[in-house]
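We name chains A, B, ... by the order of the sequence lines, and we start the count at 1 in each one.
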There are 2 protein chains.
Amino acid sequence: MLKLSRLADYAIVILVKLGEQDGVVTSPALAGITGVPEPTVAKVLKVLSAHGFVLSQRGAKGGYRLARSLAEMSVASVIAAVDGQIALTACVGGRECDTGLSCGLCGSWDVINTAIRSTLEGISLESMRPKEACSTVLHQINKLNVAQTIREGA
Amino acid sequence: MLKLSRLADYAIVILVKLGEQDGVVTSPALAGITGVPEPTVAKVLKVLSAHGFVLSQRGAKGGYRLARSLAEMSVASVIAAVDGQIALTACVGGRECDTGLSCGLCGSWDVINTAIRSTLEGISLESMRPKEACSTVLHQINKLNVAQTIREGA
DNA sequence: TAATTAAAGACCTGAATGGTCCTGTTTCGG
DNA sequence: CCGAAACAGGACCATTCAGGTCTTTAATTA
Ligand code: SF4
Ligand code: SF4
């Protein structure tokens with residue numbers, strides 16, 4: 001359905017919420033903040049930690065904190081870390097389609113793939129923040145609409 | 001994984017291949033052309049017929065043919081027909097997230113959602129054709145890159 | 001050093017998708 | 001008129017993988 005996995009969605013939410021906190025935050029605390037079940041939060045944080053998005057502090061009084069600012073994290077990188085590389089079809093980067101058919105559309109899909117990926121690359125988590133970032137997002141969508149107009153005009 | 005469902009992929013391929021044939025084509029024939037298993041081809045064609053993408057001719061010497069030209073079909077419309085509306089997250093159009101959490105990011109996701117959807121709307125199946133359409137696709141990607149550059153420059 | 005606390009890893013369950021098949025209806029050819 | 005061919009529609013099963021739960025392991029602190 002061209003939908004994002006729920007884990008990836010949660011990862012974005014968790015990172016944004018984590019960025020709004022001070023100091024280290026524990027998994028149960030983040031679960032309370034986000035409303036996501038605690039084990040799931042822990043699982044997501046594990047993945048994010050393994051990919052260097054958050055720094056973990058073990059032991060008593062431990063927890064997580066961001067490894068870098070939200071502005072330095074793109075939506076695409078988080079999705080790629082949680083769900084694997086963005087690939088609309090099976091034939092990206094020259095990989096063979098399981099049916100072994102050479103439909104010749106691979107190149108076209110690669111183009112679309114790259115377009116969507118780069119679009120998501122250009123959106124930072126900072127832009128996803130609700131409050132004061134609304135204007136930022138609207139700013140970006142205005143740019144996108146302009147781009148869209150340009151492309152449709154062709 | 002932000003991947004397209006296989007059925008949707010097949011639908012695109014089948015439509016493009018169907019557009020390259022003359023007259024009506026049977027499911028088995030299309031299966032031979034595309035390499036997709038025949039029952040799956042039939043299933044996809046049924047869906048496409050129900051949504052008005054192809055016209056069906058029943059009985060002996062029957063088959064399928066395009067209802068309109070490839071240029072009049074967008075990638076997004078085919079995906080929506082096969083897989084349902086494009087929606088990255090559970091909270092689009094004001095629908096509530098199943099966790100019931102008001103994370104406040106919904107608006108931002110809606111923006112991204114719309115951007116991707118409109119991008120796919122702007123790509124026609126004619127642009128997906130392999131041979132002479134390559135230049136067309138490259139043409140489009142150049143436009144997208146320009147748009148990307150504009151947005152990143154902000 | 002021992003108790004406390006949280007991260008890290010392994011495991012299991014269930015829903016959704018993909019794929020298959022069967023029956024009925026319609027049309028053309030003999 | 002009869003039979004073969006092809007679509008229409010639905011039901012059915014099998015597989016995958018996302019989602020969630022559990023146990024183990026390590027670090028911090030008193
Ligand atoms: S080769 Fe064709 S059918 Fe296979 S994944 Fe690529 S576009 Fe889809
Ligand atoms: S409300 Fe938040 S967590 Fe729920 S689907 Fe929307 S963005 Fe994701």
Side-chain angles (χ1 to χ4, degrees), chain A residues 1-11 13-14 18 23-32 34-65 67 79 81-84 87 89-90 97-99, chain B residues 1-11 13-14 18 21 23-32 34-67 79 81-84 87-90 97-99 101:
Chain A
M1 203 195 288
L2 191 53
K3 70 191 298 187
L4 212 55
S5 88
R6 201 176 301 182
L7 275 301
D9 180 9
Y10 290 165
V13 176
I14 289 170
L18 184 57
V24 295
V25 186
T26 66
S27 318
L30 269 174
T34 59
V36 178
E38 192 276 328
T40 301
V41 173
K43 185 175 195 174
V44 171
L45 283 172
K46 270 174 245 173
V47 176
L48 292 176
S49 175
H51 285 80
F53 288 95
V54 297
L55 299 177
S56 61
Q57 179 72 19
R58 297 175 61 149
K61 189 129 174 310
Y64 292 97
R65 70 190 161 84
I79 294 175
V82 176
D83 283 348
T89 57
C97 177
D98 53 347
T99 65
Chain B
M1 202 195 289
L2 191 53
K3 71 191 297 186
L4 212 56
S5 86
R6 202 174 303 183
L7 274 302
D9 180 10
Y10 289 164
V13 175
I14 289 170
L18 184 56
Q21 309 300 320
V24 295
V25 187
T26 67
S27 321
L30 270 174
T34 60
V36 178
E38 193 276 329
T40 302
V41 173
K43 185 175 196 173
V44 171
L45 282 171
K46 273 174 238 173
V47 175
L48 292 177
S49 175
H51 284 80
F53 288 94
V54 297
L55 298 178
S56 61
Q57 179 71 20
R58 295 175 62 148
K61 189 126 175 314
Y64 294 96
R65 69 190 162 84
L66 291 182
I79 294 174
V82 176
D83 282 348
L88 267 69
T89 57
C97 175
D98 54 346
T99 66
L101 55 95

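- When the nucleotides dA18(D), dC7(D), dG18(C) are ranked by their closest atom to the side chain of Ser27(B), dC7(D) comes out on top.
- Here the side chains of Thr40(B) and Tyr10(B) are in contact, with some heavy-atom distance below 4.5 Å.
- Phosphate contact (OP1/OP2 of dG18(C), side-chain N/O of Ser5(B), threshold under 4.0 Å): present.
- Across dT20(C), dA18(D), dG18(C), the shortest atom-to-atom separation from the side chain of Thr40(B) is found for dT20(C).
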Scan nucleotides 11-13 of chain D against the protein and return all N/O pairs shorter than 3.5 Å with their distances rounded to 0.1 Å.
none

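- In terms of heavy-atom proximity, Tyr64(B) sits nearest to Val54(B) at CD2-CG2, 3.8 Å.
- Here the straight-line distance linking atom CG of Leu7(A) with atom CD1 of Ile79(A) works out to 12.0 Å at 0.5 Å rounding.
- Here the straight-line distance linking atom NZ of Lys43(A) with atom OG of Ser27(A) works out to 14.0 Å at 0.5 Å rounding.
- Of the side-chain N and O atoms in Tyr64(B), one or more sit less than 4.0 angstrom from OP1 or OP2 of dA8(D).
- Rounded to whole Å, the distance from CG on Leu4(A) to P on dA16(C) is 17 Å.
- Nearest heavy atom pair, residue Ala11(A) against residue Val82(A), reads CB-CG2, 3.7 Å.
- Residues passing the side chain to side chain contact (heavy atoms under 4.5 Å, CB included) test with Arg65(A), sequence neighbours excluded: Val24(A), Leu55(A).
- Here the CG atom belonging to Leu48(A) is positioned 11.5 Å from the OG atom belonging to Ser56(A), to the nearest 0.5 angstrom.
- Under the side chain to side chain contact (heavy atoms under 4.5 Å, CB included) criterion, Gln21(B) pairs with Val25(B), Ile33(B), sequence neighbours left out.
- Every residue two or more places apart in sequence or in another chain that forms a side chain to side chain contact (heavy atoms under 4.5 Å, CB included) with Pro39(A) is listed here: Pro37(A).
- Remark: P of dT17(C) and NZ of Lys3(B) are 13 Å apart, rounded to the nearest angstrom.
- Side-chain polar atoms of Ser5(B) and Asp83(B) form a donor-acceptor pair below 3.5 angstrom.
- Taking the side chain of Leu7(A) as heavy atoms from C-beta on, and the options dT20(C), dG19(D), dG18(C), the nearest nucleotide is dG19(D).
- A donor-acceptor distance shorter than 3.5 angstrom exists from the side chain of Thr34(A) to the backbone of Leu30(A), with no hydrogens or angles considered.
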N/O to N/O distances under 3.5 Å, protein versus nucleotides 23-30 of chain D:
from    : atom 1 : to       : atom 2 : distance (Å)
dA26(D) : O4'    : Arg58(A) : NH2    : 2.6

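- For DNA chain D, none of the residues of residues 45-56 of chain A falls under the heavy-atom distance limit of 4.0 Å.
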